[in-house]
Amino acid sequence: MKIATWNINGIKARIENVVHWLEEAKPDILCLQEIKSVDEQFPREPIEALGYHVETHGQKGFNGVAILSRLPFDEVTRGLPGNDGDEQARFMEGVFSTTRGALRVVSLYLPNGNPVASEKFTYKLSWMERLERWTKDRLKLEEPLILAGDYNVIPEPQDAKNPENWLDDALFQPESRQAFRRLSYLGMTDALRAVTDSPDTYTFWDYQAGAWQKNNGIRIDHLMLSPEAADRLASASVHKHTRAWEKPSDHVPVMVELLV
DNA sequence: ATGGTGGGACCCCCA
């Protein structure tokens, strides 16, 4: 069972790349972030033609997440609980049936939070608190659960080519890193970090200042696994080559394989 | 280097 996450920075601009990568990597489930589309305008036909079910949680212009799956959805839930006034589309959960029981997969797009001295950063931290509460509750089910997405958090200095350049950035604030670490304390496993101690596992390279050419990247796209999912983890990989494609996203796919 | 690049909506915002 192959499960992947990819921030595509606009589905309409990226549909050809997404179709190409689905054909190449053949994930069973792909979580997308920053679809930047309302549900009605998401180009589902070319994806359904490849045999995928498509569920979206979009909004106009910004944000938006989706889950593409070869397995049919048993349930879909949209939105992260804990703030009824939050209208940003950043979280959805799909539930699937496998031969070994239920599998829960979340596609999440965590707030960027910059600049640090603004309400955007407090929104980021409160969103992370809500995520922690939601995760704590779901872990009681003792099921395989995968929280996949763009966390907008650089967990450790080794997750950036130039960590000193990120000291004033919301992605590398102590509070952001602590909140990410708290997911580990709950029992969630950072899948990519669990299978490699390589420092060069970046998942994002800025469009600006030749970041890709200099390999000036950061690791901010993560798959966090519940104990029941981590027990079945076989491999994790970063599909870095897609960053060199025509019209690339600034993020690349990250994929795990579970023995299910 | 107060720029640089890119997507999407609209005459500016977000990353």
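Please read all numbers here as calculations on a predicted model, not as lab measurements. Labels below follow one simple rule: chain letters A, B, ... track the order of the sequence lines, proteins then strands, and each chain is numbered from 1. Side chains included, hydrogens not; waters and symmetry mates left out as well; all remaining heavy atoms used.
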Output the rounded distance in Å from CD (A:E246) to P (B:dT5). 17 Å
A:N114 has an atom CG; how far is it from atom P of B:dC14, in whole Å? 12 Å
Charged N-O contact under 4.0 Å between A:D190 and A:R219: yes
Salt bridge flag under 4.0 Å for residues A:R130 and A:D86: yes
Is any side-chain N of the basic residue among A:R193 and A:D159 closer than 4.0 Å to the acidic one's carboxylate O? yes
Nearest-Å distance for atom pair NZ/P, residues A:K60 and B:dC12: 16 Å
Starting at CH2 of A:W212 and ending at P of B:dA15, how long is that distance when rounded to a whole Å? 23 Å
Spacing between A:N63 atom CG and B:dG8 atom P, to the nearest angstrom: 13 Å
Qualifying residue, where the test is ring pair (Phe, Tyr, Trp, His ring centres under 6.0 Å) with A:H239 and the options are A:Y202, A:W21, A:W245: A:W21
When we call it a touch if two heavy atoms are under 4.0 Å apart, what does A:A13 touch: a base, just sugar-phosphate, or nothing? sugar-phosphate
Find the distance A:D206:CG to B:dG6:C1' and express it as a whole number of Å. 9 Å
P atoms of B:dC10 and B:dC14, separation to the nearest Å: 13 Å
Nearest-angstrom distance, C1' atom, B:dA1 to B:dC13: 24 Å
Taking OP1 and OP2 of B:dA9, is either one under 4.0 Å from a side-chain nitrogen or oxygen of A:K12? yes
Measure CG/A:N17 against C1'/B:dG7 and give the value in whole Å, please. 14 Å
Just the rounded figure in Å: distance from P of B:dC14 to CG of A:N7. 16 Å
Quick one: is A:K36 getting a side-chain N or O under 4.0 Å of the B:dA15 phosphate, OP1 or OP2? no
For B:dC14 and A:K120 - does any side-chain N or O of the residue sit under 4.0 Å from the phosphate oxygens OP1/OP2? yes
Rounded C1' spacing from B:dA15 to B:dA9 in Å: 15 Å
Which is true for A:F204 with a 4.0 Å heavy-atom rule: it touches a base, it touches only sugar-phosphate, or it touches nothing? nothing
Note: A:E257-A:K2 ion pair, threshold 4.0 Å (strictly below): no
